[in-house]
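Chain naming here is simple, since letters A, B, ... match the order of the sequence lines and numbering starts at 1 in each.
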Amino acid sequence: MARVTRKIRLRKGTRRTVGITLLLSLGLLWVLWKSPADRSVNQLNSAQPSPSDIDALTQIFTTKGHSEFQEKKGALRAAVAASLAGNNPSSESIAVYLFPDLLPSSDLEREVALEAWYPLQKRIESAPNSESSRKDFEDMRAQIWIYENPDHQYPTLSDTAEAVVKLYDRMSERKP
Amino acid sequence: MFVRKPGKFWTWGALSLSAFLSAVVCFFGWQHYKQRIQTHPMPADAFFTEDFPDHEAFRLELAQLRLQARLTPENEKQVLESVEKTAELLGVPQPVLWCLLFQESRLNHMEGYGSGGAVGLGQFSKFSFYEINHQLTKFTPANLVALEAVLGRDVRPISSTALKSTNQSSYFYIPTAVVASASYLNNRYLHLNKLLRKQNHHPNDRLMWLLATLAYNKGTRSILSFIKTVEREKGPKAVEAALTDVHSLSELVMNRKLVSQSFTRIWPRNLAKTYANEWIIHFQNTTQCALHPKAKASAVAKKGENS
């Protein structure tokens, strides 16, 4: 007598559920894999400067004060300078908004930054949390938004620009 | 006895008839287009049309807006008069300014009121107001001169909070919106010109107005990133050609891959693609609306020669 084998057939609804669950799991795995690793406040990724390095500077200014901030900013500057030669867009953006003097003289954005927000940033850093720093921050923020925002309906800034605005917002906050 | 299948006969007959009709339509369309160019001779220095919008879709839309009373004759007249006066004072080509406003708001001076987002004729946002109110003369004192000439006095601060559309400090007052938007556009134009000339480029002024409208809509950074990408991918000669020849500029600006590439240096990939699509549509609409038919035709003809 022929052996009867019976295929196990899942119902259509069950097949769909299993499929969706598998897809969601893969998606979750991918998201977790892509998430940036936590950075300690004192670490800077010298290989690939990124907007999170600017966020780290904001935290350093808030928790450790101005001189430590200047030291870490110097370290970020060196990392960006080293990375710029490799045509790295993230480093280029950081240079535009924080270190425009590192950009080559042929770079069109260098001139924009040196004239627009760079002098205001220098002034804020020389007198943080002062009344004048707040006015300078308002000017700086407006210039960055006007320069970069690509959408009138849903205004937005790039991660780098947003991180820089947050940094100088913190540096120009009026303390009671 | 040979019997032809009726199916094949009718299929070939239909195809032949379609081809014939298409050829007839194309022929008459081409004749109409040639006649239109001949009845709108382009003076030697004309680049922008006097008969704006020179864009079939915009003309249809305009007709619909009038029909549906979404654009009243009084408002349309006030927009046009303000555009004429402001354009003359600032040196902005009238078609560029009008087409920009049409593109941004379909000439609805109350567009976006109460939305919390961009508002009015020129779709001003919070920082657009900041520039007009605090940095109006950053690139030229002519902006303030124009404001005072059009409105009779310096009406700043201009804002979107005053609803009364006859209040001169309200962006919903048509002449105020036109002169403020024109000043903002003028600043983009002057800024781009200054940056490019400082790098020893010699951009064509008329093309700079087209780029200024893109900067108005997408930010100056989008233009500079685009130029840098063109230089990187195609060399400095391609940049020079784009800044001096409308055909070269059109080809590059509407190169979706190139534009996406330039935006990906700033934005995440999906956003970069969205902005690239919007940029191309904006450029197409502005050039179709504002350029003289012969200027448009010569760009197309050149493309045909090179293909």
Asks: CD of A/Q153: more than 12 outside heavy atoms within 6.0 angstrom?
Replies: yes
Asks: Counting only non-hydrogen atoms closer than 4.5 Å, does A/V112 touch chain B with its backbone (N, CA, C, O), its side chain (CB onward), both, or neither?
Replies: both
Asks: Between B/Y184 and chain A, which part of the residue has a heavy atom less than 4.5 Å away: side chain, backbone, both or neither?
Replies: side chain
Asks: I need the minimum non-hydrogen distance between B/L195 and A/L108, along with the two atoms involved.
Replies: O-CD2, 3.8 Å
Asks: Please say whether more than 12 non-hydrogen atoms of neighbouring residues, nucleotides or ligands are located less than 6.0 Å from NZ in A/K122.
Replies: yes
Asks: For the residue pair B/Y130 and A/D139, confirm or rule out a side-chain donor-acceptor distance under 3.5 Å.
Replies: yes
Asks: Under the side chain to side chain contact (heavy atoms under 4.5 Å, CB included) criterion, do A/S106 and B/E231 qualify, and how do the steps go?
Replies: CA-CA 11 Å; A/S106 57; B/E231 186 158 28; over 6 Å; no
Asks: Could you tell me whether A/R174 atom CZ has more than 12 heavy atoms of other residues or ligands within 6.0 Å of it?
Replies: yes
Asks: Looking at B/K198 and A/E115, is any side-chain nitrogen of the basic one under 4.0 Å from a carboxylate oxygen of the acidic one?
Replies: yes
Asks: Check A/A142 against B/F127 and note the closest heavy-atom contact, atom names and distance.
Replies: CA-CD2, 3.5 Å
Asks: If you count the non-hydrogen atoms of other residues, nucleotides and ligands that lie under 6.0 Å from CZ in B/R70, is the total more than 12?
Replies: no
Asks: If I take atom OG from residue B/S225 and atom CD from residue A/E109, how far apart are they, to the nearest 0.5 angstrom?
Replies: 6.5 Å
Asks: B/A118, B/G116, B/S222: which one forms the most heavy-atom pairs within less than 4.5 Å of chain A?
Replies: B/A118
Asks: If you define the side chain from C-beta out and look only at heavy atoms, does anything of B/L224 sit under 4.5 Å from A/Y147?
Replies: yes
Asks: Less than 4.5 Å to any heavy atom of chain A: does that hold for the side chain of B/F129, its backbone, both, or neither?
Replies: neither
Asks: Rounded to the nearest 0.5 Å, what separation is found between the OG atom of A/S158 and the CG atom of B/L271?
Replies: 11.0 Å
Asks: Salt bridge between B/K194 and A/E111, side-chain N to carboxylate O under 4.0 Å?
Replies: no
Asks: Checking B/R265 against A/N87: is there a side-chain donor and acceptor pair closer than 3.5 Å?
Replies: yes
Asks: Is there a side-chain contact between B/F263 and A/P150, using heavy atoms and a 4.5 Å cut-off?
Replies: no
Asks: Would you call A/N149 and B/R221 a side-chain contact if the rule is heavy atoms closer than 4.5 Å?
Replies: no
Asks: Heavy-atom cut-off 4.5 Å, strictly under: side chain, backbone, both or neither for B/I227 against chain A?
Replies: side chain
Asks: What part of A/L157 is in contact with chain B, defined as an atom under 4.5 angstrom from a non-hydrogen atom: side chain, backbone, both or neither?
Replies: backbone
Asks: For the pair A/Q143 and B/E131, evaluate side chain to side chain donor-acceptor pair (under 3.5 Å) and give the outcome as yes or no after the intermediate values.
Replies: CA-CA 8 Å; A/Q143 294 198 54; B/E131 177 169 286; over 6 Å; no
Asks: Can you list the steps and then say if B/T220 with A/E148 is a side chain to side chain contact (heavy atoms under 4.5 Å, CB included)?
Replies: CA-CA 7 Å; B/T220 300; A/E148 197 184 81; over 6 Å; no
Asks: What's the shortest heavy-atom distance between B/N217 and A/H152, and which atoms?
Replies: O-NE2, 3.7 Å
Asks: What distance separates B/S125 OG from A/D151 CG, expressed to the nearest 0.5 Å?
Replies: 10.0 Å
Asks: Return the minimal non-hydrogen interatomic distance between B/Q199 and A/D107, and the atom names on each side.
Replies: NE2-O, 4.1 Å
Asks: Tell me, yes or no, whether the heavy-atom count around B/K138 atom NZ, taken from other residues, nucleotides or ligands under 6.0 Å, exceeds 12.
Replies: yes
Asks: Any salt bridge linking B/R232 with A/E92? Criterion: basic side-chain nitrogen under 4.0 Å from a carboxylate oxygen.
Replies: yes
Asks: If you count heavy atoms of other groups shown closer than 6.0 angstrom to NZ of A/K135, is the number above 12?
Replies: yes
Asks: Could you tell me whether a side-chain N or O of B/H134 sits under 3.5 Å from a main-chain N or O of A/E138, the two making a donor and an acceptor?
Replies: no
Asks: What residue in A/S90, A/P155, A/S93 has the most heavy-atom pairs under 4.5 Å with chain B?
Replies: A/S93
Asks: Under 4.5 Å heavy-atom distance to chain B, tell me which part of A/T156 shows up: side chain, backbone, both or neither.
Replies: both
